[in-house]
Amino acid sequence: MGILDKFEQGVERVVNTAFAKAFHSEVKPVELASALRREVDDRAAVVDRERTVVPNELTIELSHDDHRRVVEWGEETLADELASNVTDHASQQRYAFVGPVTVTFTEHDDLETGRFRVRSSTVRGTVAPATAAAAPSARHPLLDIDGQRYLLTGPVTVIGRGSEADIIVDDPGVSRRHLEIRVTPDGVVATDLDSTNGLFVEGHQVPAATLLDGNTLTIGRTRIMFWTGQDEAGEDDR
């Protein structure tokens, strides 16, 4: 594929915009993408034969000038693109996360223009991107929300349109805090949080329901598939 592999091609879209014109000898987005990939590779920790955990919180330390350019172009957009590419790379390598993937930028006076550092940590959260290595279980179910897959890594997950939700859904028919999914020793329970349009499980409106493997939930126009993998032979909780 030449200089850019599949991981970096996602960031190439950013390079081809006006953002690239602002970077000459300064840090370039593709360099940041490559550095993040190396960081998760270097920090990968083998938990067992089938599970390798990598950092999910990544911080890029930049010089004053580089940080200013990132902010002027759109810090949040670039951070989201880089986080998405880290997730894609992790899926290709069959790595696992224990929390949401975030990329942040900070300014450091000891760095010269064009120089940067990457720091990372592994922080457990309520949900994590479901990579190719994700194996759903009764303790850590998997949700497919309109094609986006999430592994529930915490006991309580709130889904809604508001920024305070653990999983944010871009659907005007979904309330800011619409649905709670709680993992308990007796099963996984979905509860409507007094939403405007209600919760539907298998097409029936309910205030709450204990979920079964393969159930379909609907909130607004958003469909959620629920999986525990309990129907698979030899399933165990990892």
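- Side-chain contact between F105 and L78 is present, with at least one heavy-atom pair separated by less than 4.5 Å.
- A salt bridge does not link E164 with R177: none of the charged nitrogens is closer than 4.0 Å to a carboxylate oxygen.
- Here CD1 of I224 is found 8.0 Å from CG of D146. Values are rounded to the nearest 0.5 Å.
- Defined by atom type and a distance below 3.5 Å, a donor-acceptor pair is present between the side-chain atoms of T104 and T59.
- Annotation: side chain of D170 is not in contact with side chain of R161 (no heavy-atom distance under 4.5 Å).
- Closest heavy-atom contact between A165 and G160: CB-N, 3.5 Å.
- Between the side chains of H178 and N197, not a single donor N or O lies within less than 3.5 Å of an accepting N or O.
- Annotation for G125 and P100: closest pair CA-CD, 4.0 Å, computed over non-hydrogen atoms.
- At least one side-chain heavy atom of S163 sits less than 4.5 Å from a side-chain heavy atom of R176.
- In this structure, D109 and L111 have side chains that are not in contact, with every pair of non-hydrogen atoms separated by 4.5 Å or more.
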Please evaluate residues S120 and R43 with respect to the criterion side-chain hydrogen bond (donor to acceptor under 3.5 Å, both in side chains), reporting the C-alpha separation (whole Å), side-chain torsions for both, the decisive distance (0.1 Å), and the verdict. CA-CA 8 Å; S120 64; R43 295 285 305 278; 2.8 Å; yes
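- Within the model, atoms CH2 of W227 and CG of D144 stand 9.0 Å from one another, a figure rounded to the nearest 0.5 Å.
- At a threshold of 4.5 Å between non-hydrogen side-chain atoms, the residues I60 and L58 do not count as touching.
- For the pair F97 and T87, the tightest heavy-atom approach, listed with the atom from each and the gap, is CE1-CA, 4.1 Å.
- D171 and T222 share a donor-acceptor pair across their side chains, judged by distance under 3.5 Å alone.
- Between the N56 side chain and the V123 main chain, a donor and an acceptor come within less than 3.5 Å of each other.
- When all heavy atoms of P141 and V183 are compared, the closest pair comes out as CD-CG2, 4.0 Å.
- Under the 4.5 Å side-chain heavy-atom criterion for Ile, Leu, Val, Met, Phe, Trp and Tyr, W73 and V27 are members of the same hydrophobic cluster.
- The hydrophobic clustering, which links ILVMFWY residues whose side-chain heavy atoms are closer than 4.5 Å, places V174 and F226 together.
- Note that NZ of K28 and CG of D66 are 9.5 Å apart. Values are rounded to the nearest 0.5 Å.
- Looking only at distances, a side-chain donor or acceptor of T131 sits under 3.5 Å from a matching main-chain atom of Y95.
- A salt bridge links D65 with R68; the closest basic N to acidic carboxylate O contact falls under 4.0 Å.
- D41 is not listed as a side-chain neighbour of R38, based on a closest heavy-atom distance of 4.5 Å or more.
- Looking at every heavy atom in both residues, P129 comes nearest to G99 through CD-O, 3.5 Å.
- Under a cut-off of 6.0 angstrom, the local environment of CD in E112 is sparse, with at most 12 non-hydrogen atoms contributed by other residues, nucleotides or ligands.
- Remark: D213 CG to T228 OG1 distance equals 3.5 Å, nearest 0.5 Å.
- Residues V103 and L62 fall within the same hydrophobic cluster, defined by Ile, Leu, Val, Met, Phe, Trp and Tyr side chains chained together at heavy-atom separations under 4.5 Å.
- Donor-acceptor pairing under 3.5 Å is lacking for the side chains of T77 and D80.
- In this structure, L143 and M225 have side chains that are not in contact, with every pair of non-hydrogen atoms separated by 4.5 Å or more.
- Annotation: the span from T122 atom OG1 to E57 atom CD amounts to 9.0 Å, rounded to 0.5 Å.
- Y150 and L142 sit in two unconnected hydrophobic clusters of ILVMFWY residues. Membership requires side-chain heavy atoms under 4.5 Å apart, directly or through other members.
- Nearest approach of A190 to L179, heavy atoms of both residues: CB-CD1, 3.9 Å.
- Between the side chain of N215 and the backbone N or O of L212 there is at least one donor-acceptor pair closer than 3.5 Å.
- Taken together through direct or relayed side-chain contacts under 4.5 Å among Ile, Leu, Val, Met, Phe, Trp and Tyr, F116 and V86 form part of one hydrophobic cluster.
- D110 and R117 are joined by a salt bridge, as a carboxylate oxygen and a charged side-chain nitrogen come within less than 4.0 angstrom of each other.
- Atom-to-atom distance recorded for H64:NE2 and T113:OG1 is 9.0 Å, nearest 0.5 angstrom.
- V188 places a side-chain heavy atom less than 4.5 Å from the side chain of I181.
- No donor-acceptor contact under 3.5 angstrom links the side chains of S91 and D88, judged on distance only.
- Without hydrogens or angle criteria, T153 side chain to T126 main chain gives a donor-acceptor distance under 3.5 Å.
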